[in-house]
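Data first, discussion second: the structure below is written as structure tokens.
Computed over heavy atoms, backbone and side chain alike; hydrogens, waters and symmetry mates excluded.
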Amino acid sequence: QLQLVESGGGSVQAGGSLRLSCAAFGYTYSLGYMGWFRQAPGKEREGVASIKIGGIHTYYADSVKGRFTISQDNAKDTVYLQMNSLKPEDTAMYYCAAVFSGAPIQALAAYEYGFWGQGTQVTVSS
């Protein structure tokens, strides 16, 4: 029904920037929300940012507010995560996720999302 393909991960020094992309393929007209989650070794998956597709609402974890920005390009069915002022604690595998429902959801809760990408690694060195 839906395939998500992430790109843009890599290694960067603390204070640097990266931009992640997530392209959706399939029943994209049914998209409700898309989000970015991350998981570091030995830690639970946590919500980083989410966006209402076709809307203006965005949601951020407190740990990334003011540093990360989520945006969308509806013409390309793509969501971006601009990450600035990166810190070593941002090191993790980053996953893109999507849900079809447009009803209000817990936007940073992983259980809300039914479709997931394969992940892209972000490593921030001090």
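Contacts classified as disulfide bond (SG atoms under 2.5 Å apart) and involving residues 4-50 (residues at least two apart or in different chains) are given here: Cys22-Cys96. Residue pairs meeting the salt bridge (Lys or Arg N to Asp or Glu O under 4.0 Å) criterion with at least one member in residues 104-124: none, sequence neighbours excluded.
Using a 4.5 Å cut-off between side-chain heavy atoms of Ile, Leu, Val, Met, Phe, Trp and Tyr, Tyr80 forms no hydrophobic cluster with any other residue. Taking a 4.5 Å side-chain heavy-atom cut-off between Ile, Leu, Val, Met, Phe, Trp and Tyr, the cluster of Val5 extends to Phe25. Hydrophobic cluster membership of Trp116, counting Ile, Leu, Val, Met, Phe, Trp and Tyr whose side-chain heavy atoms lie under 4.5 Å apart directly or via other members: Tyr33, Phe37, Tyr59, Met93, Tyr95, Val99, Ile105, Leu108, Tyr113.
Phe115 pairs by the ring pair (Phe, Tyr, Trp, His ring centres under 6.0 Å) definition with Phe100, not counting sequence neighbours. For Glu46, the salt bridge (Lys or Arg N to Asp or Glu O under 4.0 Å) test picks out Arg38, with sequence neighbours left out. When the side chain to side chain donor-acceptor pair (under 3.5 Å) test is applied to Gln118, no partner is found at least two apart in sequence or on another chain. Lys65 pairs by the salt bridge (Lys or Arg N to Asp or Glu O under 4.0 Å) definition with Asp62, not counting sequence neighbours. In terms of the ring pair (Phe, Tyr, Trp, His ring centres under 6.0 Å) criterion, Tyr111 has no residue partners (sequence neighbours excluded). In terms of the ring pair (Phe, Tyr, Trp, His ring centres under 6.0 Å) criterion, Phe68 has no residue partners (sequence neighbours excluded). Residues satisfying the salt bridge (Lys or Arg N to Asp or Glu O under 4.0 Å) criterion with Asp77, sequence neighbours excluded, are absent altogether.
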Worksheet item: Taking it one step at a time, do Met83 and Val122 satisfy side-chain contact (heavy atoms from CB on, under 4.5 Å)?
Response: CA-CA 10 Å; Met83 304 185 295; Val122 171; 3.8 Å; yes
Worksheet item: Hey, mind stepping through Val79 and Ile53 against side-chain contact (heavy atoms from CB on, under 4.5 Å) and telling me if it holds?
Response: CA-CA 9 Å; Val79 169; Ile53 297 302; 4.1 Å; yes
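Here the closest heavy-atom approach between residue Ser126 and residue Ala14 is recorded as CA-CB, 4.3 Å. Counting all heavy atoms, side chain and backbone alike, Ala98 lies closest to Leu2 at CB-CD2, 3.7 Å.
The main-chain N or O of Gly54 is found under 3.5 Å from a side-chain atom of Gln72 such that the two form a donor-acceptor pair. Side-chain N or O atoms of Thr91 include one that pairs as donor or acceptor with a backbone N or O of Val124 at under 3.5 Å.
Between His57 atom NE2 and Ser50 atom OG the span is 11.5 Å, to the nearest 0.5 Å. Atom-to-atom distance recorded for Gln82:CD and Leu18:CG is 8.5 Å, nearest 0.5 angstrom. Going from atom CD1 of Ile51 over to atom CG of Leu31 covers 11.5 Å, rounded to the nearest 0.5 Å. Atoms CG and OG1, from Asp90 and Thr123 in turn, are 11.0 Å apart once rounded to the nearest 0.5 Å. Interatomic distance, Leu81 CG to Thr120 OG1, rounded to the nearest 0.5 Å: 11.0 Å.
For Gln106, the CD atom is loosely surrounded, since the number of other residues' heavy atoms within 6.0 Å does not exceed 12.
Residues Asn84 and Leu86 form no side-chain contact, since every pair of their non-hydrogen atoms from C-beta on lies 4.5 Å or further apart. Contact check for Thr69 versus Thr58: no side-chain heavy atoms found under the 4.5 Å cut-off.
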